[in-house]
Amino acid sequence: MKPGKKLKSTACDTEVMVVRGADVVLECGGAPMTEERPAEKAALNPAFAEGTKIGKRYTDAAGSIELLCTKAGQGSLSVGGVALQTKEAKPLPSSD
Amino acid sequence: MNLSLILQMAAEAEPERIGLVCDGRRWSYGALLRAAQGAATRFSESGVGYVALLDESSEAAPIALFGAALAGIPYVPLNYRLADADLAALLKRIAPACVIGDVERVRRLDPDSGHQLQSRADFVAAAEQAEPYAGEPAEAGIAVQIFTSGTTAAPKAALLRHANLLSYILGTVDFGAAPEDEAALVCVPPYHIAGIAALLSSIYAMRRILLLPAFEPDAWLALAAAERATNAFVVPTMLGRIIQRLDAGSPPDLSALNAIAYGGGKMPTELIERALSLFPQTAFTNAYGLTETSSTVALLGPEDHRAAHQASDPQARARLGSVGRPLPTVEIEIRDEDGKCLPAGERGEIYVRGEQVSGEYRERSALDAQGWFPTRDAGWLDTEGYLFLAGRADDVIVRGGENISPGEIEDVLLSHPAIADAAAVAVPSLEWGEAVGIAVVPRPGQAAPSDDELKTLIRNRLRSSRVPERIAVLEALPYNEMGKLLRREVRRLFQEA
């Protein structure tokens, strides 16, 4: 997963862009994410159904990957079955 | 990564929300995206190498910016204030281009370069009607090309890649963070990096943009009051003119104005102190950045302003004259002429590094092997990491081998109660190679101090090498429309005299 790469959920409408990448398989709604959306959606795993929010950053505990949600969906993001967390950044004052 | 992501996300989140107000027309994020997609189709079909804007600010700027990004063609906003010969040279450098705006002028200045011309109204109407762009947006490449102002040589074509600008926005702006009642008054010209950054930041934050085609203090005040602007970016000269209007007559209702950001030139301490007193509830932010760094790299935030304004400790108070600390995503170093890193308190050249830093020109990249960009700005850091600017490295006066920063002389001159503005420049000297020349502007109603008084002031506060050989008294110093002092014009004054 290189920075800038876009991935789509196979189980919901979620789309993400990779901000910081690592060699892992990303899942959404419990199913692996892919570059193209499949013709038919996979079933949403209820254990990964908390939903994604547009504009939120998601990261793993080690901070080795970071994703930007560019389209919201019902699934939630995970790697190897471990849920990703939203990253809270300290807001900066607007300078433009 | 493609810059169009910014508008796409805003339109995805809330397509009906108003994102832009210009000349009375209100644009939703959905309508802006739709027009940008139509513009991308037109640009893509035209086969041109560049999309240029030669116009004041309007909805055409974001539509062309995002349309060009989608189509993978560099967007080049041109300075419509340039003289004919200078503009003609730039038009030739981007031929063939789609040029939007002043079509008559392009026809007159560069008729044979194969440019495709459209007035603002025709461009916007065609973009709204064209089929949405069906291609995949480019993943890399140049999003924006800005010609530098070329104060010393021919203008350089600074290149900003999609990745540079997106890194800046993703690193500094929280998506959709602005409540629906927030609106940012944007009055900087579209050909300036601050004008580009204002569009990108506001759309990503989903803060409604109130676009003022060209700055004029009464129009600014009227728009701020009528649309209840909550945020604004100004250059120091604009702030000065706004305050003059407020002092002169019945002030309009600016109660919604929560935040004012400023940058683009040196803010006189007296002016910012006056503004802090006049707007006690407003959050002030000073931003320092360059075209080549995708806008802001350091900022002095609202708490810093109030703390410095209220401080009695001289070092803390002096920070009001700083540009604050680097962004968390940016590194800053001060280096000497040999490239050696300097400790706090020592003046040198400012070097910047980070993903948003392009440092790239059409002709060459200015980055060193480790990715550092030499800004050619001089400055120093204090012990807590606050950055102070000390003019351009090229403005240093070299008198008999000794480097003299104009800023230190100007600061002393400005401490004189009868002096409103001052500039120090290099003047030719048979004895020293270069010597110091100063131009001073007396306060209204005050006589200029005598040459002897000024020389004594500088000798006592600095060193004898700083004492000016030439002194000129002016009614005003020459500034460009962004508040940048035109030192070459001050230098010319001494060459002619």
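In the text below, chain A, chain B and the rest are named by the order of the sequence lines, each starting its count at 1. Side chains included, hydrogens not; waters and symmetry mates left out as well; all remaining heavy atoms used.
- Between the side chains of A:Asp96 and B:Ser202, no donor-acceptor pair is found at a separation under 3.5 Å.
- Under the 4.5 Å side-chain criterion, counting only non-hydrogen atoms from C-beta, A:Ile54 is in contact with B:Met9.
- Looking at B:Thr285, only its side chain comes within 4.5 Å of chain A, counting heavy atoms on both sides.
- Heavy atoms closer than 4.5 Å to chain B are found in both the backbone and the side chain of A:Pro93.
- Between chain A and the residues B:Ser167, B:Ala198, B:Ala232, the largest count of heavy-atom pairs under 4.5 Å involves B:Ala198.
- Each of B:Leu327, B:Leu170, B:Asn231, B:Leu199 has some count of heavy-atom pairs under 4.5 Å with chain A, and the biggest count is that of B:Leu170.
- Other residues, nucleotides and ligands place no more than 12 heavy atoms under 6.0 Å from the CD atom of A:Glu50.
- The part of B:Tyr168 that comes within reach of chain A is its side chain, from C-beta onward, which places non-hydrogen atoms under 4.5 angstrom from that chain.
- With a threshold of 4.5 angstrom between heavy atoms, A:Lys6 approaches chain B through side-chain atoms but not through N, CA, C or O.
- In this structure the side chain of A:Met17 reaches within 4.5 angstrom of the side chain of B:Leu5, judged on heavy atoms.
- Among B:Ala287, B:Ala197, B:Ala177, the residue with the largest count of heavy-atom pairs under 4.5 Å with chain A is B:Ala197.
- Closest approach of B:Met1 and A:Val18 over heavy atoms only: CE-O, 4.4 Å.
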